[in-house]
S.K.: 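Okay, here's the structure, questions in a sec.
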Amino acid sequence: MNDVKLTGAVGMVHSTESFGGADGPGLRYIFFMQGCKMRCKYCHNPETWSMDGGTPMKAEEAIEKALRYETYWRNGGGITVSGGEALLQIDFLIDLFKVAKSKGINTCLDTSGNPFTREEPFFSKFNELMGLTDLFILDIKQIDLGKHKELTGFTNENILDLASYLSDNGKPMWIRHVLVPGITTDEGDLTKLAEFIKTLKTVERTEVLPYHTLGVAQYKKMGIPYALDGVTPPSKEEIAKAKEILGITK
Ligand code: SF4
């Protein structure tokens with residue numbers, strides 16, 4: 001590892017999970033990074049929003065922690081970085097994935113895509129990170145620009161641009177879509193999303209994540225008004241319809 005050049009960036013890690021089974025192939029050690037600029041109405045981790053807080057960690061130390069679980073990483077397992085929004089700490093991510101790749105560890109980045117821009121200095125850093133990332137998990141929260149802004153506080157042009165950029169560069173990705181009744185269940189929107197996903201050449205999997213209310217207590221605790229009060233999880237029929245439109249067979 002001596003020949004791995006690192007920036008020495010310190011990552012602020014909100015929490016970790018030793019046996020993540022959903023965020024990438026196999027079992028994975030997951031780093032949930034502190035900080036996110038979006039304000040998705042259904043976010044179940046509002047405690048990750050603040051850019052303050054978290055536990056400081058350097059890449060080597062983080063990989064050392066993850067490696068304790070290496071024996072469970074058969075079937076394509078490895079590490080995943082999630083959030084919050086991990087791309088807000090891109091210098092740390094580059095260091096982390098550099099160390100990981102030097103040890104042959106599979107790397108996955110779970111992102112909302114919100115920080116993505118083709119402007120410098122971000123773009124060059126992103127290109128470096130992209131070369132170190134085996135799989136991207138990209139949330140597309142709403143295909144409709146206006147509804148996306150209403151749902152998250154931001155528009156989605158750069159997020160869709162990120163998806164196209166990953167596709168153009170041959171990077172494998174999973175697309176995720178949280179299904180919220182009345183907000184992301186419109187069949188016209190889902191059809192547009194399906195059409196957009198068809199333009200991408202490297203999508204290995206599309207997933208529908210049913211909205212749930214597990215985060216509501218956290219809002220109360222933090223004194224933040226919960227915008228989706230009264231919204232219930234989607235019905236089996238709504239989930240089945242969304243999967244059908246998005247061409248998800250299982
Ligand atoms: S992008 Fe993720 S962490 Fe950020 S507000 Fe949305 S759901 Fe929450």
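Atoms within each ligand, like the ligands themselves, are counted from 1 in listed order.
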S.K.: Tell me: protein heavy atom nearest atom 6 (Fe) of ligand 1, and distance?
M.R.: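 For atom 6 (Fe) of ligand 1, the nearest protein heavy atom comes out as C40 SG, 2.3 Å.
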
S.K.: At a 4.0 Å cut-off, with the gap strictly under it, does some heavy atom of M38 reach an atom of ligand 1?
M.R.: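 Yes, M38 has heavy atoms under 4.0 Å from ligand 1.
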
S.K.: If we only consider heavy atoms of G84, is any one of them less than 4.0 Å away from an atom in ligand 1?
M.R.: yes

S.K.: Which protein non-hydrogen atom lies closest to atom 8 (Fe) of ligand 1, naming both residue and atom, and how far is it?
M.R.: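 Result: C43 SG, 2.3 Å.
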
S.K.: Check this for me, if you would: do E244 and K241 make a salt bridge, where the nitrogen-to-carboxylate-oxygen distance has to be below 4.0 angstrom?
M.R.: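 Looking at K241 together with E244, the answer is yes, because their closest N to O distance falls below 4.0 Å.
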
S.K.: Test of understanding: given a 4.0 Å heavy-atom threshold, classify the contact between K141 and ligand 1 as side chain, backbone, both, or neither.
M.R.: side chain

S.K.: Taking the basic N atoms (NZ, or NE/NH1/NH2) and the acidic carboxylate oxygens, is any pair closer than 4.0 Å for D23 and R176?
M.R.: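 R176 and D23: salt-bridged.
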
S.K.: Any side-chain donor-acceptor pair under 3.5 Å between N158 and T117?
M.R.: no

S.K.: Just to be sure I read this right, does ligand 1 sit under 4.0 Å from the backbone of C36, its side chain, both, or neither, counting only heavy atoms?
M.R.: side chain

S.K.: Hey, are Q142 and D189 close enough side-chain-wise for a donor-acceptor pair under 3.5 Å?
M.R.: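 A donor-acceptor contact under 3.5 Å links the two side chains.
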
S.K.: W73 and Y29: side chain to side chain contact (heavy atoms under 4.5 Å, CB included), yes or no, with the steps?
M.R.: CA-CA 9 Å; W73 296 347; Y29 191 89; 3.9 Å; yes

